[in-house]
Amino acid sequence: MTVTDDRPAPPAETPRRRPNPVLALLRNSWRQLTSMRTALVLLFLLAIAAIPGSVLPQRGVNPEDVRDYFVAYPDLAPVLDRLGAFDAFSSVWFSAIYLLLFTSLVGCITPRLRDHVRALRSRPPAAPKRLDRLPQHTVFAAPAGGAPEIAAVLRRHRWRVEVRGDEVSAEKGYLKETGNLLFHASMVVVLIGVAIGSWYGWSGNRVLVAGADNAFCNTQQQYAETSFGPQVGSADLPRFCLQLDDFEARFLESNGQPEFFNAKVTVDENGGAPRPAEFSVNSPLRLDGANVYLLGHGYAPVVRYTDRFGRSQTSPNPFLTTGDIGLTGEGLAAFPDANVDPETGERDPELQLAFTGLYLPTAPQEGPFVRSEFPTERNPMLNLVAYRGNLGLDAGIPGSVYELDQRQVDAGRVKEIGTKLLQVGEVWTLDDGTTLEFLGTEPYIVLSVRYDPGSTLLLVSSGTLLLGLMGSLFGRRRRVFFRVRPADPAGESSTPGSSLVDAGGLPRVDHPGFADEFTRLVTAVSGAGRRADPDGPAGARVGAE
Amino acid sequence: MSVLSDQLVTFSILAYLVAMVVHAVEYALGNARVRVGPPARELVGAGVGAAGGAGSGPEPADGAATAAQRTAAQRTAARARMAGLGAVAVTVLAALLHLGALIARGVAADRMPWGNMYEFVLTVSFIGVASWFVVLWKRPTLRRLGLFLTLVMVLLVATAELLLYTPIVPLVPALNSYWFIIHVATIVFSSGIFLLGVVPAGAFLMRAGYEQGRRSFPYLLAKRMPAAAALERLTFVLHAFSFPIFTFAVIAGAIWAEAAWGRAWGWDPKETWAFISWVVYAGYLHARATPSVKRNVASWLAILGFLTVMMNLFGVNLFFEGLHSYGGLD
C-alpha cells in the first residue's frame with residue numbers, strides 16, 4: 001500500500017497522439033487500484049466483511065450450528081447459504097476483497113521495492129545550496145580534519161556517508177522502508193502459506209474408545225468427518241495406527257471444572273513397532289505427516305444384549321457429551337443384527353433393537369435422572385429407552401451412529417417398548433424375555449488428526465512480518481549535510497585561517513526527536529575538532545529553523 | 001487473599017472516582033481562569049471586579065483592578081495546578097490499590113490473574129493506567145487528559161466488578177500452557193495501551209473541532225485540552241507502540257492455537273474480531289501515513305479500532321459461542 005509522500009512523482013507522460021482507450025482504461029484502473037485510498041477502502045471492507053462470519057454459524061467452525069440455523073430459519077437460511085454466508089471466509093465476496101487488496105499491495109510494493117533498491121545502491125545526494133533553508137541548520141568551527149574527519153565521525157554513528165570535496169552528505173534510516181517492504185512482502189507470504197495449507201492439508205475427526213478392539217488406522221473411512229484439500233487424495237494419508245490405552249482426567253472437587261487431561265496411546269507408524277505415547281490438550285501427538293489433537297472426552301457405556309435365541313452381543317457405545325460440566329452423555333446402542341434365527345440364518349428386520357438415552361457418570365440421588373452432577377463416575381447410571389422394529393440402517397441412507405433415525409419412529413416402523421434406569425451390572429429384561437446388561441464403561445476421546453504443510457511457512461513469514469512492522473514503525477529516514485567553507489573573510493573567527501562548517505538536517509518523515517539528534521550529532525562532529533577550537537561545541541550556534 | 005482482592009478493587013474504584021472529581025475541579029478552575037484572563041488584559045477593570053472575588057472595598061483604580069485580577073487569576077491557576085497534581089496523586093493511589101488487587105488475586109489463585117473476563121478487564125485497565133503514568137512522566141502538559149482517563153477507568157473497573165465478577169478457580173487444562181502467559185500478557189498489554197490511546201484520540205477530535213472555532217457541546221469541553229497536534233501525535237505514538245505488540249500477541253495466539261486446537265487460524269469469533277481489530281488499526285496507521293487522508297478520519301479509525309477491541313472483549317464473550325469461552329460467566 002502506497003505511502004504517497006515517500007514515492008517520487010511519476011514522470012509526466014508524454015502525450016501520445018492516439019492513446020489506446022483500452023490501455024488507458026487499464027492503466028487508470030491499475031493506478032486507482034494501487035492507490036492508498038483504494039487500499040484503505042479495501043481494508044475497511046475487509047473488516048466489515050469479516051463480521052458476518054463471526055455472527056452467523058460457520059461450516060468450517062461448527063457444522064451442527066449451521067444445521068440448527070437451517071431448522072430455526074427455514075426461509076432465510078437457504079438465501080444466506082446461496083450468498084455464502086455460512087462459509088463466509090471462503091466466499092466469493094470475501095475472497096474478492098482480499099485478493100484485490102493483495103493485488104493492490106503487490107502493485108504498490110513492487111515499484112517501491114525497485115525504488116528502494118535503487119536508493120540503497122545510490123550514494124547520498126549532494127548537499128543543497130542553501131543549508132540554512134533545511135529544517136535543522138547550524139554553523140560551527142570546522143574540526144581539524146575537515147570534511148574527511150566529519151565523514152569519519154558520521155560513519156562511527158552508522159550513517160551512510162558520501163564525501164564530495166568539501167561537502168559531506170549522509171543518510172540514515174533505510175530500515176524504515178526496508179521494514180515496510182518486508183512487512184508487506186511477508187503478508188503475501190502469509191497468504192501463500194495459508195493457500196498451501198488449504199490445498200495440501202487435510203484433517204479428520206473421530207471418536208476413539210479405549211481398548212485394543214477399538215483401535216483405528218489412518219484411512220479416510222475411519223473418520224466421522226474429514227476435510228481434504230483439493231490436492232490431497234486418500235492415498236496421500238500417512239500410515240499409522242492408534243490405540244487408546246488409558247485416559248486420565250482430573251476435576252476440581254468443588255465445581256467439577258476440568259483440571260488435567262492425559263491420553264495414553266499405542267501408536268505404530270509406517271508399519272513399525274508399536275510404541276507408547278502420551279498427549280494432551282496443548283501438547284498434541286506429533287507424528288510423521290500428521291498431528292493428533294485431543295478435543296474432548298467422555299464415556300462409552302458397554303452393554304450386552306442377549307436375544308431370543310440366547311445369543312449375546314456386546315458393544316461399547318460412545319455417548320457424546322451434551323456440554324454440561326457433569327459430562328452427561330447422550331447416545332445410542334443399536335443391535336441391527338439381533339434375533340437372527342440360528343437355524344435358518346434369517347434375520348427379521350422387525351426385531352432389531354435399539355436403546356437410546358442418557359449416561360450419567362454421577363446420577364443424582366433422586367430423579368429426574370437427566371443431568372449428571374459430577375464428571376467422574378461416582379454413581380454411574382444409564383437412563384435408557386428401548387425400541388424394537390426396523391431401525392432403517394439397511395436403507396443405505398447415511399445416518400448418525402449416535403441417534404436413532406427419527407423417521408423410522410415417526411413412521412411407526414420402530415416402537416418404544418419400555419424405559420429403564422440401569423446401574424452397572426444390572427440386567428434389564430424386556431417384554432419378550434430378551435435382556436440388556438450394563439457391563440460398565442470405557443473412556444473415549446474425541447480426536448482431530450490434522451496435517452498443515454503451510455504451517456512452517458506461516459510461522460516464518462509471521463516472524464518476518466513482525467520484524468518488518470517494527471522497522472517500519474520505528475525506523476526514521478533522515479539526511480544531514482555538512483559543508484566546510486573558509487571562515488568569514490571579515491575575520492570574525494578568533495583563529496585566522498580556520499574554517500567553518502555549515503550543517504543542515506532534513507528528516508524525511510515526521511520525527512520530533514530529530515532536532516535533538518541533530519544537535520548531538522553536531523556536538524560530536526565539532527567535538528572532534530575541539531583541540532583546534534577552544535570554544536568547542538559551545539561555540540556552535542544551533543539554530544533550529 | 002481473595003476477599004482482600006475484592007475489597008481492594010472496590011477501594012480502587014472509589015479512588016478513581018475521587019481522582020476523576022479532583023480532575024474535574026482542576027478543569028473547572030482552569031475554565032474560570034480563562035473567563036477572567038482575557039478581559040483583565042483587554043477590558044481593563046470594566047466591571048469584572050466581581051468575577052474573581054478579588055475586588056475588596058469600593059471600586060479600586062483601573063490599574064489596581066487589573067493587578068487584583070492577575071493575582072486572582074494566578075491564584076486560581078495555582079489552585080487548578082494543585083488540584084491537577086492532587087488528582088494525579090489520587091490516580092496513583094487508585095492504581096496502587098488496583099495493582100494490589102491484581103497481585104492478591106494472583107496469589108489467591110496461584111497463577112497469573114488473567115483466567116477469566118473479570119480478571120482480564122482488571123488487568124487491561126491497570127495496564128492502561130500504568131501507561132498513562134509513563135505518558136504523564138514524559139509529557140506533563142497532557143495532565144488534563146486524566147479527567148477522561150479516570151472516567152474510562154471508573155467505567156471499566158466498575159463494569160468488571162458489577163457485571164463480570166467471577167470467583168477464583170484454577171485454569172482449565174486448555175489454558176494451562178506457557179503460551180497462556182505469552183499470549184494473554186501481550187494481548188492485555190496491547191489492549192491496555194489501545195485503551196489509553198483512545199483517550200487522546202477522542203480528545204483530539206474534540207479539541208480539533210474547538211480549534212476550528214466550534215463552540216457547541218462536545219467541542220466546548222476541549223477548551224482546556226492540550227493542543228490538538230500534541231494529542232494527535234500522542235494518539236499515533238501509543239498506537240504505533242501497541243500495534244506490533246498486538247500483532248505479536250495474535251501470532252502467539254495462532255502458535256498456541258496450532259498446539260491446542262490443531263489449526264493456527266480457524267475464524268473462531270474471537271479470532272475473527274482480533275482480525276477485524278488488526279485490520280482497522282492497520283487502516284489507522286496507513287491513514288495516518290497518508291497526507292491526503294485527514295487526521296480526523298485517522299483518529300476516528302483509532303476509535304473504531306478500540307470499539308472492535310471492546311466488542312471482542314465483551315461482545316464475543318457474552319453473545320457468541322466459540323473456543324475462547326473462558327469468560328467465566330454462564
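Below, chain A is the first sequence line, B the second, and so on; all start at residue 1. Source: prediction; values computed, not measured.
Heavy-atom distances place no part of A/V449 under 4.5 Å from chain B, backbone and side chain included. Heavy atoms of A/I51 lying under 4.5 Å from chain B belong to its backbone as well as its side chain. A/Q58 does not touch chain B: none of its heavy atoms, backbone or side chain, sits under 4.5 Å away. Looking at B/F248, the atoms closer than 4.5 Å to chain A (heavy atoms on both sides) sit in the backbone and in the side chain alike. Heavy atoms of A/R286 lying under 4.5 Å from chain B belong exclusively to its side chain. Interface remark: A/Y451 contributes no atoms to any contact with chain B (heavy atom separation under 4.5 Å). Neither the backbone nor the side chain of A/S448 comes within less than 4.5 Å of any heavy atom of chain B.
With chain A as the partner, the residue from B/A287, B/A282, B/G315 showing the most heavy-atom pairs under 4.5 Å is B/A287. When A/M470, A/R37, A/E259 are compared by the number of non-hydrogen pairs under 4.5 Å with chain B, A/E259 comes out ahead.
The local environment of CH2 in A/W93 is crowded, with over 12 non-hydrogen atoms from other residues, nucleotides or ligands closer than 6.0 Å. Dense packing is recorded around CZ of B/R111, with more than 12 heavy atoms of other residues, nucleotides or ligands lying under 6.0 Å away. Annotation: A/Q32, atom CD; neighbour count of heavy atoms from other residues, nucleotides and ligands within 6.0 Å does not exceed 12. Around atom OH of A/Y69, more than 12 heavy atoms belonging to other residues, nucleotides or ligands sit under 6.0 Å away. Within 6.0 Å of CG in B/D110 there are 12 or fewer heavy atoms belonging to other residues, nucleotides or ligands. The number of heavy atoms from other shown groups lying within 6.0 Å of CZ (B/F241) does not exceed 12.
From A/S472, atom OG reaches atom CG of B/L285 across 8.5 Å, with rounding to the nearest 0.5 Å. Once rounded to the nearest 0.5 Å, the distance linking CG of A/L46 with CD1 of B/I276 reads 9.0 Å. Here CG of A/L466 is found 6.5 Å from OG1 of B/T247. Values are rounded to the nearest 0.5 Å. The OG1 atom of B/T290 lies 5.5 Å from the CG atom of A/L40; values are rounded to the nearest 0.5 Å.
Between A/F89 and B/W267, the two ring planes are parallel [angle under 30°; tilted spans 30° to 60°].
Under the 3.5 Å distance criterion, the side-chain polar atoms of A/Y293 are matched with a main-chain donor or acceptor of B/E258.
Taking each heavy atom of A/A47 and B/V280 in turn, the nearest pair found is CB-CG2, 4.0 Å. When every heavy atom of B/P244 is checked against every heavy atom of A/L473, the shortest pair comes out as CG-CD1, 3.5 Å. Considering all non-hydrogen atoms of both residues, A/P284 and B/A259 come closest at CD-O, 3.2 Å. Residues A/R450 and B/W261 share a closest heavy-atom pair of NE-O, 3.9 Å.
Side-chain contact check for A/L458 versus B/W265: every heavy-atom pair is 4.5 Å or farther apart.
For the residue pair A/N282 / B/W179, no side-chain donor-acceptor distance below 3.5 Å is found, with atom types taken as modelled.
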- request: Output, in order, the C-alpha distance, side-chain angles, deciding distance and verdict of side chain to side chain contact (heavy atoms under 4.5 Å, CB included) for A/D452 and B/R263.
  value: CA-CA 8 Å; A/D452 181 358; B/R263 81 288 182 290; over 6 Å; no
